[in-house]
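Since the structure comes first, as structure tokens, the remarks are kept for the end.
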Amino acid sequence: MTTRLNNKIPSFTLTRQNEGLREKLLTTIASVIDQGMFILGENVKSLEEEIARYCGAEFGIGVASGSDALYLSLLACGVGPGDEVITTPFTFFATAGSIQRTGARPVFVDIEPETWNIDPSLIEEKITSRTKAIIPVHLYGCPADMDPIMEIAGKYNLKVIEDAAQALGAKYKERSVGGIGDAGCISFFPTKNLGAFGDGGMVVTSDPEIAERVRMLRVHGARKKYYHEELGCNSRLDELQAAVLRVKLEHLESWNERRRTIASTYNLLFQDQGLPLTLPVEPGHVHHVYHQYTVQAGGRVELQAYLKKRGIASTVYYPQPLHLQKVFAHLGYKPGDFPYAEKACREVLSLPMFPELTGEEVQQTVQAIVSFFESGYNHD
Ligand SMILES: Cc1ncc(COP(=O)(O)O)c(C=O)c1O
């Protein structure tokens with residue numbers, strides 16, 4: 001029997017990280033206030049250069065969120081009404097929501113059961129004369145299989161927009177994600193590996209035309225102030241958020257390393273236990289940054305409840321695949337269309353994962369899971 005823990009283990013918390021950075025962050029925020037420049041100032045400009053360099057891209061354009069990064073990248077690639085964009089149904093809503101916002105149609109392709117990322121071998125059969133782009137998502141921090149995706153895109157002259165919202169710092173064959181496709185989209189939502197104190201996002205690209213167009217679209221389609229060439233929107237990264245992000249960026253590599261160590265510890269502790277549990281995989285050619293440490297198991301509902309009773313939080317990313325969302329009903333998909341994505345939605349569970357999580361907390365979490373299965377709760 002696992003004893004109930006006195007201290008709860010959160011899925012995620014920023015409290016521990018903020019404690020260590022508090023003084024530096026407050027000084028930085030104060031200096032932005034003193035300078036009095038709150039929109040598109042020096043911190044945004046510097047962060048754009050720093051993140052672009054980090055992703056191996058030439059340009060970075062700060063925008064209001066990861067969702068807007070996707071939307072504006074699609075617009076900048078010329079995607080609009082009548083077009084189709086291929087993506088995965090097992091991702092956060094914004095990936096496909098951004099496609100629909102442009103007036104284009106999301107076209108879904110099932111995932112690989114091992115990595116939960118889009119299965120490149122299923123893409124080609126979905127390409128039509130209307131297909132304009134592919135959005136691979138590097139889910140949970142694990143890079144999608146980019147080589148075949150880039151090859152297909154080259155063959156059919158399609159744009160590739162990487163949804164790297166969960167994967168800043170991840171690498172595919174030594175190349176940083178975000179910098180591999182035509183554009184890469186980053187989210188600075190507070191829970192991300194590099195998180196702001198509010199919403200924020202960035203488009204990275206080495207294509208000067210895409211860069212120029214996103215830069216214009218984020219300020220209502222104006223290259224020159226008050227002269228509007230096309231319909232854009234107000235979508236800028238705040239100067240205050242950029243300043244906070246620059247303080248945190250210095251720690252990103254070590255935080256990602258710590259996430260990797262925590263993932264190895266989980267793997268090691270689960271190994272040889274013989275549990276009916278699928279662990280996350282890290283294909284040999286990728287560098288995973290474990291935005292989430294996600295396992296897959298039958299009896300997920302019971303397992304999550306069991307952990308909760310013992311003070312251990314866990315989260316389901318995501319309970320409903322996108323092809324079965326009400327907002328996409330008009331696309332005509334039905335249950336059974338994407339079996340692996342649907343199974344993942346029924347069975348995945350993300351365990352506590354953040355850089356400040358202690359080894360002891362990892363151990364307690366694993367112990368609780370072992371005792372769940374030992375107690376015969378698995379009804380699968
Ligand atoms: C895979 C994925 N795409 C897009 C987004 C959208 O980012 P944001 O929340 O910054 O709009 C997120 C983050 O929530 C995400 O996880």
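Along the sequence shown, the residues carry numbers beginning at 1. In each ligand, atom 1 is the first atom listed, and ligand 1 is the first ligand listed.
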ask   = Within the structure, does Asp68 bring an N/O atom to less than 3.5 angstrom of an N/O atom in ligand 1?
value = no
query = Where on Ala94 is there a heavy atom closer than 4.0 Å to ligand 1, on the side chain, on the backbone, on both, or on neither?
reply = side chain
ask   = Going by the order shown, which atoms of ligand 1 are within less than 4.0 Å of some heavy atom of Ala165?
value = 2 (C), 3 (N), 4 (C), 5 (C), 12 (C), 15 (C)
request  = Please confirm whether Lys192 comes within less than 3.5 Å of ligand 1 when only nitrogen or oxygen atoms on both sides are compared.
outcome  = yes
task = Would you mind checking if Lys132 and Glu84 are paired as a salt bridge, meaning a charged N to carboxylate O distance below 4.0 Å?
result = no
message = Suppose we measure from atom 11 (O) of ligand 1 to each protein heavy atom; which comes out shortest, and what is that distance?
response = Ser67 OG, 2.5 Å
key: Which of the ligand 1 atoms, numbered from 1, are nearer than 4.0 Å to a heavy atom of Val137   = 1 (C)
message = Both conditions, 6.0 Å and 45 degrees, for the charged tip of Lys224 above the ring of Tyr227: are they met here?
response = yes
note = When distances are taken from atom 12 (C) of ligand 1, the protein heavy atom at minimum range is Phe92 CD2, 3.5 Å
key: Partner of Gln296 by side chain to side chain donor-acceptor pair (under 3.5 Å), out of Glu114, Glu347, Lys343   = Glu347
ask   = Which heavy atom of the protein is the closest neighbour of atom 4 (C) of ligand 1, given with residue, atom name and distance?
value = Asp163 OD2, 3.6 Å
inquiry  = Below 3.5 Å, N or O to N or O, backbone or side chain included: is there any such pair between Ser187 and ligand 1?
reply    = yes
message = Side chains of Glu361 and Thr358: any donor to acceptor distance under 3.5 Å?
response = yes
message = I'd like to know whether ligand 1 has Asp199 as a neighbour, heavy-atom separation below 4.0 Å.
response = no
message = With heavy-atom distances below 4.0 Å as the criterion, list the atoms of ligand 1 near Gly66.
response = 6 (C), 7 (O), 8 (P), 10 (O), 11 (O)
query = Any side-chain donor paired with an acceptor under 3.5 Å for Asn256 and Asn193?
reply = yes
query = Between Met202, Gln292, His291, Gln166, which one has a non-hydrogen atom sitting closest to atom 16 (O) of ligand 1?
reply = Gln166
key: Residues Glu230 and Arg213 bridged, charged N to O under 4.0 Å   = yes
request  = Kindly state whether the ring of Tyr290 and the ring of Tyr266 have centres lying under 6.0 angstrom apart.
outcome  = no
message = Side chains of Asp207 and Thr205 only: does a donor on one sit below 3.5 Å from an acceptor on the other?
response = no
ask   = Is a donor on one side and an acceptor on the other found under 3.5 Å between the side chain of Glu239 and the backbone of Val44?
value = yes
ask   = Which ligand 1 atoms are under 4.0 Å away from a heavy-atom of Thr95?
value = 3 (N)
Per-atom contacts of ligand 1 with Thr91, taking only distances under 4.0 Å to non-hydrogen atoms = 1 (C)
